[in-house]
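Quick caveat, the model's predicted, so the values are computed rather than measured. By convention here, the first residue in the shown sequence is residue 1. Every heavy atom of this structure was used, including side-chain atoms; hydrogens, water molecules and symmetry mates were not.
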Amino acid sequence: MMPDNNLIPRIYSNFRGVDFRGEEINLVRSPDSVNIWKDYKETESIRTRPKMELKEAFEGIVYGIFFYKAGETEEMLVHSGTSLYRVVDGVKTELYSGLNPARSDGFLYGGVWYFKDGKHYLQYDGSSIKEVEGYTPTTSIARRPGGGGTIYEDVNLLIGKRINTFLADGESTEYCLDAQYIDSDYVPIVKVNDEETQAFTVDYEAGKITFEVAPEVPLTDGQDNVSVEFRKTVEGYRDKINKCTLLQLFDNRVFFSGNPEYPNTIFHCSLDDPSYCSDLDYYNEGLDMAPIRGLVAGNNALWAFKEPSHANTTVFYHTPTNDHEYGKIYPSVHSSISTGCVGGAINFNDDIVFFSERGMEGINGDITAEQAIAHRSSLADRKLTTEEGYKDMILAEWEGYLMVFIGNRVYLADGRGTFSNDGHREYEWFYWEMEKAITGARVNGGVLYLGTEDGVYTLTDMEGDVVSWWTTPKDRFNYPQHQKTTNKRGCVVEATGDVEVYAKTEDTDFELIGTYEGITDYFVSRIKRKKFKDIQLKFHSKTRFSIETATLECFVGGYIKR
């Protein structure tokens with residue numbers, strides 16, 4: 001039934017985000033929008049994004065941005081090219097050179113900052129930086145001079161040093177270590193009754209210490225009184241950790257993965273000690289060698305996401321379990337999910353998500369139930385998944401958004417904007433094109449820091465010029481079979497800033513209607529279009545703008561004729 005006066009008002013408002021599906025889409029979304037978002041701290045209106053603002057220039061590509069607070073001074077640590085720099089009050093100092101020119105990561109634990117680049121494992125305490133030395137484990141205790149005793153601590157992958165302690169018998173001069181072929185370029189540290197001695201010789205091949213005088217029996221019965229610290233380097237041990245590229249803190253431990261030589265393996269450190277990685281503390285995720293692409297802590301578990309494989313077991317999880325023999329362990333359990341991860345993975349507002357070949361997936365169900373995945377990015381998939389570099393995306397959470405950086409393009413999942421689709425939750429999305437390709441991202445103090453090929457930028461310039469636009473979907477005004485004519489009163493737009501208005505009907509390209517500068521409240525755009533089937537509006541700015549509502553009225557006429 002036609003309206004009484006044939007006039008239909010259309011109010012475009014409550015804008016939600018983009019919809020790149022190319023189908024009939026909701027009028028609150030846009031089939032073509034660039035550099036627009038909702039800055040919820042300021043307004044519910046859509047507006048132009050902030051501009052990138054140079055924080056610190058660097059000659060090399062910025063692969064990682066980190067922050068460390070030493071006393072009252074906060075330092076920005078930047079991995080640029082093959083060096084690590086400290087930046088304080090604009091003064092840049094090189095801390096370390098020879099780094100891997102690749103994306104890096106780090107974490108703070110116990111007041112010490114740790115750094116990984118797939119080649120090194122460094123530690124920094126605010127004054128000096130060095131390779132993580134590693135805790136020296138006591139691998140055997142209560143040993144007799146001829147051997148035996150009790151295995152006490154595991155070998156540390158990060159250091160070749162080990163300690164054996166013995167119970168002297170007062171007669172023996174030869175003391176056998178728990179390893180042979182020990183390093184001959186390292187003189188063992190030997191103590192008797194806690195006092196260091198050098199009255200011994202070493203058989204490095206046999207792993208044997210020979211004292212000039214037999215150590216006396218201990219003063220306390222049954223208490224070890226001889227200790228030997230020696231070194232036995234096992235080729236490739238330290239590289240198991242050094243070559244890892246993925247980090248995740250979970251249950252007061254650090255978990256490592258991403259080593260190309262051990263693509264499906266997760267390693268972890270000991271409780272509260274990132275410098276101690278036992279040679280037995282590792283788990284293989286399945287029998288196939290598909291690489292692990294992401295580690296995520298959430299839902300009381302550590303989740304591991306692997307690339308697609310024929311084994312159809314791509315998502316694994318680990319929950320802390322107490323074992324009477326080994327203590328706290330993290331057995332690997334495969335989920336019921338077979339969809340593989342090709343991009344990144346993250347815990348976004350307690351939503352565990354990963355990027356498959358189809359887009360962003362979220363895990364529905366916890367570890368006590370059968371897990372299933374629910375798609376989270378239907379509105380952005382057609383553009384997102386075809387991006388060159390999709391598999392090398394960078395993820396960061398900022399201002400309630402999940403930022404997906406791919407080159408100079410950014411896809412923003414809106415944590416506040418969700419909707420139900422086929423019974424599961426999905427996100428609204430926005431899309432940006434940045435001034436430069438993004439090579440690293442870090443949020444500190446609510447500020448988003450971005451690495452590029454020439455420096456560190458912040459997304460803090462709220463006044464600088466950024467080209468942006470929002471396009472409405474094709475609108476048939478509820479009568480697709482009828483011709484429409486716009487009301488000569490024009491289109492009323494509540495907006496701020498500088499706005500160019502374009503209009504397009506089904507048989508025309510976008511044509512400029514008018515340019516409106518310095519808007520502080522609203523403006524009226526005289527859109528004159530006759531006998532059209534559908535119409536689209538485009539709000540464009542070369543500087544900055546925001547839009548709250550746009551009202552357009554159309555008269556509905558007769559049936560469309562071919």
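Side-chain atoms of S377 and D381 form a donor-acceptor pair, as typed in the model, at a separation below 3.5 Å. Inspection of the D32 and W469 side chains reveals an N or O donor paired with an N or O acceptor under 3.5 Å. Of the N and O atoms on the side chains of D178 and S140, at least one donor lies less than 3.5 Å from an acceptor on the other residue. Between D154 and S278, the side chains place a donor N or O and an acceptor N or O closer than 3.5 Å (distance only, hydrogens not considered). Inspection of the Y135 and E153 side chains reveals an N or O donor paired with an N or O acceptor under 3.5 Å. Between the side chains of R86 and Y68, no donor-acceptor pair of N or O atoms lies under 3.5 Å. For the residue pair Y40 / R416, no side-chain donor-acceptor distance below 3.5 Å is found, with atom types taken as modelled. There is a side-chain donor-acceptor pair under 3.5 Å between H375 and E361. In summary, the side chains of T549 and S13 do not present any donor paired with an acceptor at a separation below 3.5 Å, with no hydrogens or angles considered. When only modelled atom types and interatomic distance are considered, T496 and S546 share a side-chain donor-acceptor pair under 3.5 Å.
In this structure, Y282 places its OH atom where only 12 or fewer heavy-atom neighbours from other residues, nucleotides or ligands lie under 6.0 Å away. Around OH of Y152, the count of heavy atoms belonging to other residues, nucleotides or ligands within 6.0 Å does not exceed 12. Open room surrounds NE2 on H334; 12 or fewer heavy atoms of other groups in view lie less than 6.0 Å from it. No more than 12 heavy-atom neighbours from other residues, nucleotides or ligands sit within 6.0 angstrom of CD on E453. The environment of L280 atom CG is dense: over 12 non-hydrogen atoms of other residues, nucleotides or ligands sit within 6.0 angstrom. Within a 6.0 Å radius of CD in E94, more than 12 heavy atoms belonging to other residues, nucleotides or ligands are found. The number of heavy-atom neighbours closer than 6.0 Å to CG of N14, taken from other residues, nucleotides and ligands shown, is 12 or below. Annotation for E433: atom CD counts as buried by contact number, over 12 foreign heavy atoms lying within 6.0 Å.
Using the six-membered ring where Trp is involved, H268 and F255 have ring planes that are tilted, between 30° and 60° apart. Ring-plane geometry between W113 and F66 is classed as tilted, the angle between the planes lying from 30 to 60 degrees on a 0 to 90 degree scale.
Because its NZ or CZ atom is both nearer than 6.0 Å to the ring centre of F58 and within 45° of the ring axis, K92 counts as a cation-pi partner of that residue. R293 forms no cation-pi arrangement with F316, by the criterion of a distance under 6.0 Å to the ring centre and an angle within 45° of the ring axis. For the pair K383 and Y411, the cation does not sit on the ring face, since its NZ or CZ is not both under 6.0 Å from the ring centre and inside 45° of the axis.
Put simply, CE on M403 and CG on L450 are 7.5 Å apart, with the number rounded to the nearest 0.5 Å. Considering OG1 of T314 and CD of E307, their distance stands at 11.0 Å, rounded to 0.5 Å. Atom OG1 in T460 sits 3.5 Å away from atom CD in E53 (nearest 0.5 Å). To the nearest 0.5 angstrom, S309 atom OG is 10.0 Å from L287 atom CG. Atoms CD and CG, from E133 and N156 in turn, are 11.5 Å apart once rounded to the nearest 0.5 Å. For the atom pair CD1 of I438 and OG1 of T452, the computed distance is 6.5 Å after rounding to the nearest 0.5 Å.
Taking the side chain as every heavy atom from C-beta outward, P101 and Y63 approach each other to under 4.5 Å. F115 has its side chain out of reach of F107: every pair of non-hydrogen atoms, C-beta onward, lies at least 4.5 Å apart. Using a 4.5 Å heavy-atom cutoff, the side chains of T73 and V88 are in contact. Using a 4.5 Å heavy-atom cutoff, the side chains of L95 and Y124 are in contact. Taking the side chain as every heavy atom from C-beta outward, F354 and V296 never approach each other to under 4.5 Å. Here the side chains of R47 and W37 are in contact, with some heavy-atom distance below 4.5 Å. For the pair R103/T245, no side-chain contact is recorded, criterion being any heavy-atom separation below 4.5 Å from C-beta on. Side-chain contact check for Y96 versus Y85: every heavy-atom pair is 4.5 Å or farther apart.
Ion pairing between a basic and an acidic side chain is recognised when a charged N comes within 4.0 Å of a carboxylate O; E75 and K69 show no such pairing. The pair K51-E435 does not meet the salt-bridge criterion, since no charged nitrogen lies less than 4.0 angstrom from a carboxylate oxygen. Note on R425 versus D351: salt bridge recorded, some NZ/NE/NH1/NH2 to OD/OE distance being below 4.0 Å. The pair D39-R49 does not count as a salt bridge, with every side-chain nitrogen at least 4.0 angstrom from each carboxylate oxygen. Salt-bridge annotation for R16 and E428: present, with a side-chain N of the basic residue lying under 4.0 Å from a carboxylate O of the acidic one.
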Would you sort out whether F430 and K38 count as a side chain to side chain contact (heavy atoms under 4.5 Å, CB included), showing the intermediate values?
CA-CA 9 Å; F430 292 94; K38 284 187 177 182; 4.0 Å; yes
Report the C-alpha distance between F419 and L379 in whole Å, list the side-chain angles of each, state the deciding distance to 0.1 Å, and finish with yes or no for side chain to side chain contact (heavy atoms under 4.5 Å, CB included).
CA-CA 11 Å; F419 66 99; L379 301 179; 3.5 Å; yes
Walk me through whether W303 and I363 qualify under side chain to side chain contact (heavy atoms under 4.5 Å, CB included).
CA-CA 10 Å; W303 297 83; I363 293 181; 3.6 Å; yes
Side chain to side chain contact (heavy atoms under 4.5 Å, CB included) for K130 and L122? Distances and angles first, verdict last.
CA-CA 5 Å; K130 58 186 177 182; L122 306 178; over 6 Å; no
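Between the side chain of K306 and the main chain of E285, a donor-acceptor pair closer than 3.5 Å is present. With hydrogens and angles disregarded, no donor-acceptor distance shorter than 3.5 Å links the side chain of S356 to the backbone of T339. In this structure, S270 contributes its side chain and D273 its backbone to no donor-acceptor pair below 3.5 Å. No donor-acceptor pair under 3.5 Å is formed between the side chain of K243 and the backbone N or O of D117. Side-chain atoms of N347 come within 3.5 Å of backbone atoms of A297 as a donor-acceptor pair (strictly under, hydrogens ignored). For the pair N35 (side chain) and V467 (backbone), a donor-acceptor distance under 3.5 Å is present. Under the 3.5 Å distance criterion, the side-chain polar atoms of D279 are left unmatched by any main-chain donor or acceptor of Y237. A donor-acceptor contact shorter than 3.5 Å links the side chain of N259 to the backbone of E261. A donor-acceptor contact shorter than 3.5 Å links the side chain of H79 to the backbone of N100. Remark: the backbone N or O of V353 is not paired with any side-chain donor or acceptor of R376 at under 3.5 angstrom.
Between Y449 and F67, the ring centre distance stays below 6.0 Å.
Results of the side-chain contact (heavy atoms from CB on, under 4.5 Å) test with R358 over V342, I373, L384 single out I373 as the only residue that passes. Paired with K328 under the rule salt bridge (Lys or Arg N to Asp or Glu O under 4.0 Å), one option of D272, D251, D323 passes, and it is D251.
For the pair W432 and P50, the tightest heavy-atom approach, listed with the atom from each and the gap, is CH2-CD, 4.4 Å. Of all heavy-atom pairs between F348 and G400, the closest is CZ-O, 3.6 Å.
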